[in-house]
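What follows is one structure encoded as C-alpha cells, with my remarks underneath.
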Amino acid sequence: MMSSLGSIAKHPTITLIDALTTLKELKQVHAQLLANGLLNDHHLLGQFVATIALHNPKNLTYSDQLLTNYDTPTLFSFNSMIRAYSKSSTPHKSFHFYNRILRSLNNLSPDNYTFNFLIRTCAQLLARETGPSVHGALVKYGFENDPHIQSGLIFMYAELGCLNSCHKVFGGISSPDVVCQTAMVSACAKCGDLGFARDLFDEMPGRDSIAWNAMIAGYAQRGKSREALSLFYLMQMEGVKVNEVSMVSVLSACSHLGALDQGRWAHAYIEKNKLRVTVNLGTALIDMYAKCGAMDKAMEVFWGMKEKNVFTWSSAMGGLAMNGFGEKCLELFSLMKKDGVQPNEVTFVAVLRGCSVVGLVDEGKEHFSSMKTSYGIEPEIEHYGCLVDLYGRAGRVVEALNVINSMPMQPHAAAWGALLNACRMYKNLELGELASRKIVELESKNHGAYVLLSNIYADSKKWDGVSNVRQIMKSKGVKKIPGCSVIEVDGEVHEFFVGDKSHPRYNEIEIMLGEISRRLKLFGYVANTNPVLFDIEEEEKEDALCKHSEKVAIAFGLISLREGVPIRIVKNLRVCWDCHEVTKIISKVFNREIIVRDRNRFHHFKDGQCSCRGYW
DNA sequence: CTAGGGTTAG
C-alpha cells in the first residue's frame, strides 16, 4: 500500500487515513470514526475528502457526499475537491466547489492553492473564456506574484494556444526562476515558436535536466526530430543527467524518422544506464519499434512490461494494425479488456484499422457499434473515416459512400480520401470522380486527390481525363510534394529526394540501379513507359527511367548494407504502384527483405510478396 | 494536510 512521506509524525489518525487507498477501506474507517464520535475534527474530514479524492479519482461522489454532510467544510477540503476534479474526466465540476467557497457560511475565501487548481482545470478544459476570468479573479485576490500561479498561468495559456498571454505573464515576472523559464520554453515550443524557445533556453542560467527535456520534447513534438536528437547529444556532451523523460522524447524522434539503428541505440542506452522503464518509456519503446517496422521487438517490449495502460495497449495495437497484423491487433484487444483496461477512442481507431487491413468487415462493424453501446464512447470523425476505409478496402464502395452520407458530422477530406483510394483499387471511375471533387472542395491544394483521380482515369485509359486533371492542377497551382525516402545505414540517416544526385556515392548507386533494371528485365518485368502514366504518379520523374526516391534508397541499401540485413525505408508519400511492383521483384531476385513505411502503413516485402497484399 | 517546469497512442 502506498503511504506518503508527508504524513509521517503527523496526527496518528491522519496517518491512518493517508495510508488507505481503496474506497472500501476508507468508508469503513470513516464509519468507525463516526460511530466512536471521533470525527469532530474538520482536519480529519478534510483528510478523508483529500485521500478519497486522490486515490479514487474516478469515484469522487463519495468525497462529494462527505462534504454535503458537514455544514462548514474547511478550505482544505474544498481545495482538495477542486484538485481532484481538475484531473478527473469531468473537470468543470471544480467550479462547483469554487462557488461553494465563495458562498460558504463561514466566510471562506479562495487562496493561492484554490487558484492553482482552477488554473489546471481551465487548462484541462481548454477554457478559452473561463481561463482568463480565473486569471482576472486571482489578480483581484492578489495572487499574481505567486511563482506557482505564474508558472501555472503560462502552462494554461500554452494549452489554450495563447502565446501572447504567455508572453504577458512571463514578461510581468521580475526575475523568473528556472521553473517559470522552463514553463515558458515549453509554452513557446507548444505554440510553435521554437526559435524563441531555443533563445530562452540558450540563455537560461542553471539549466537543469527538466529544462533540457522541455526543449528536446518541444522539438520532438513539432516534428523536428533531427533537432531533438542533436540537442540530446549536446545534452550528453554537457554532462547533464539524462533520465527516462529525456528518452521518451528521443524515442519519439526516432519513431518519427523511422530510425531503427538510433532507436536501438537508445534502447541499449536505457539498459546500460539502468533507467527505469516506466509505463511511458515502455510505451515509447513499443511505438518506436512499431513505427520502425520491427514489430517483433515491439511485442517483446510489450510482453515484458508489468504495468500497461491504455497508451501501451493502443500503441501496440496501432503498431500491429499498421504493420498488417490485423488479427493480432484484435487478439490484443480481447486481452486488454480481460486485463481490465478501459479502451478509449484511440484504441478503437487501432481496432478498426486492424479489421480494415485484413478485411474483417462484419467484425469491424460490430466493434464500431460497441463503442457507444458498450463503452459509451461517441464515435468521432476519425472512426467514421476508418469505417469508410473498412468498406472501401473490402470493395464495398457503395456502402463506404453510405457511411459518408450518413455520418453525423461534415465529412472531412480523409473520409473522401479513403473512398477515393478504394475507387482506385477497384477502378470505380464514377465514385472516384465524386470523391476527388469533394476533396478538392475541402482542400483545394490536396495534391494526393488529383494524383489518385488521374490514376483512376489512366487505369481506364481515359487520357482526356488525365490531361484534364493535369491542367486543373496547373491552373490551381497545386504543388507536388517532393518525394523523399530515408534509409539509415550504420546509424546515419541518408535522405534521398526525387531526382537528387548529390549523395557522395551516387555513382555506385547509379550502377546498382542499372543492375536492378537488368535483373528486373531478366525476371520478365516490363517497365511502365507510358508517358501519360509517367506524369501522374505522386512524384515527378526526372528522366525516362522511373527513379522514385525509394528506388534510389533501395539501391543504396543494396550497396551499403550487409547481405541478409533487411532494407528499411521511410517514405513521405504513398508508394506508387510501379515502385510497389518493382520492390516485390527486388525482394525476390536479390533475396532481400525490404520494409517500406509510407505515409499510411508498412509494406513488408519478402520473396516477391508484400504484406499489404496489394491494398494500400 | 492541498501547489509550480519536462514524457507516450490517432
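Here the structure is a predicted model, which means the values were calculated and not measured.
Here Q181(A) lies out of heavy-atom contact (under 4.0 Å) with every strand. Among the protein residues, S315(A) comes within range of the sugar-phosphate backbone only, with heavy atoms under 4.0 Å from sugar or phosphate atoms but none that close to a base. At a threshold of 4.0 angstrom between heavy atoms, the contacts of V185(A) with the nucleic acid are absent. Residue contacts shown for F117(A) include a base, since a base heavy atom lies under 4.0 Å away. V349(A) comes within contact range of the sugar-phosphate backbone alone, with a heavy-atom separation under 4.0 Å but no base atom that close. The residue A284(A) sits apart from the nucleic acid: no heavy atom pair falls under 4.0 Å. K291(A) comes within 4.0 angstrom of the backbone, heavy atoms only, and of no base. Contacts of E380(A) with the nucleic acid, taken as non-hydrogen atoms under 4.0 Å apart, include base atoms.
In summary, the side chains of T347(A) and S314(A) do present a donor paired with an acceptor at a separation below 3.5 Å, with no hydrogens or angles considered. For Y289(A) and R264(A), the side-chain atoms include no donor-acceptor pair closer than 3.5 Å.
Side chain of F76(A), nearest nucleotide from dG5(B), dC1(B), dT7(B): dC1(B). Considering only side-chain atoms of V245(A), the nucleotide from dG5(B), dA9(B), dG6(B) that sits closest is dG6(B). Considering only the side chain of A183(A), dG5(B) comes nearest among dG10(B), dG5(B), dG6(B). Residue R120(A) has its side chain nearest to dG5(B) when only dA9(B), dG5(B), dT7(B) are considered. Closest to the side chain of S186(A), from the set dG6(B), dA3(B), dG4(B), is dG6(B). Listed nucleotides: dT7(B), dA3(B), dA9(B). Nearest to the side chain of N116(A): dA3(B). Of the candidates dG10(B), dG4(B), dT2(B), the closest approach to any side-chain atom of E345(A) belongs to dG10(B). Among dT7(B), dT2(B), dG6(B), the nucleotide with an atom closest to any side-chain atom of I210(A) is dG6(B). Looking at the side chain of V310(A), the nearest of the listed nucleotides dG6(B), dA9(B), dT8(B) is dA9(B). Of the candidates dG5(B), dA3(B), dA9(B), dG5(B) carries the atom nearest the T182(A) side chain, counting heavy atoms from C-beta on.
Applying the 6.0 Å contact sphere to CE of M409(A) captures more than 12 heavy atoms from other residues, nucleotides or ligands. Heavy atoms of other residues, nucleotides or ligands lying less than 6.0 angstrom from NZ of K328(A) number 12 at most. Annotation: K337(A), atom NZ; neighbour count of heavy atoms from other residues, nucleotides and ligands within 6.0 Å is above 12.
One atom, CG of N243(A), and another, P of dT8(B), lie 13 Å apart when rounded to the nearest Å. In this structure, the CG atom of N79(A) is 11 Å from the P atom of dT2(B), given to the nearest Å. Rounded to a whole Å, the CD atom of Q221(A) is 14 Å from the C1' atom of dA9(B). In this structure, M288(A) atom CE and dT7(B) atom C1' are separated by 16 Å, rounded to whole Å. Taking atom CD of residue E382(A) and atom P of nucleotide dG10(B), one finds them 12 Å apart after rounding to whole Å. I119(A) has its CD1 atom 11 Å from the P atom of dG5(B), to the nearest Å. Protein atom CE of M305(A) is 14 Å distant from nucleotide atom P of dT8(B), rounded to whole Å. Counting to the nearest Å, the C1' atom of dG10(B) and the CZ atom of R599(A) are 15 Å from each other.
The aromatic ring of H148(A) is stacked on the base of dA3(B), with the two ring centres less than 5.5 Å apart and the planes inclined by under 30°.
Donor-acceptor pairing under 3.5 Å, judged by distance alone, is absent between the side chain of D177(A) and the base of dG5(B). Side chain N112(A) to base dA3(B): a donor-acceptor pair is found below 3.5 Å.
Looking only at side-chain heavy atoms (C-beta outward), F76(A) and Y113(A) stay at 4.5 Å or farther from each other.
By the 4.0 Å N-to-carboxylate-O rule, R222(A) lies too far from E227(A) to be salt-bridged with it.
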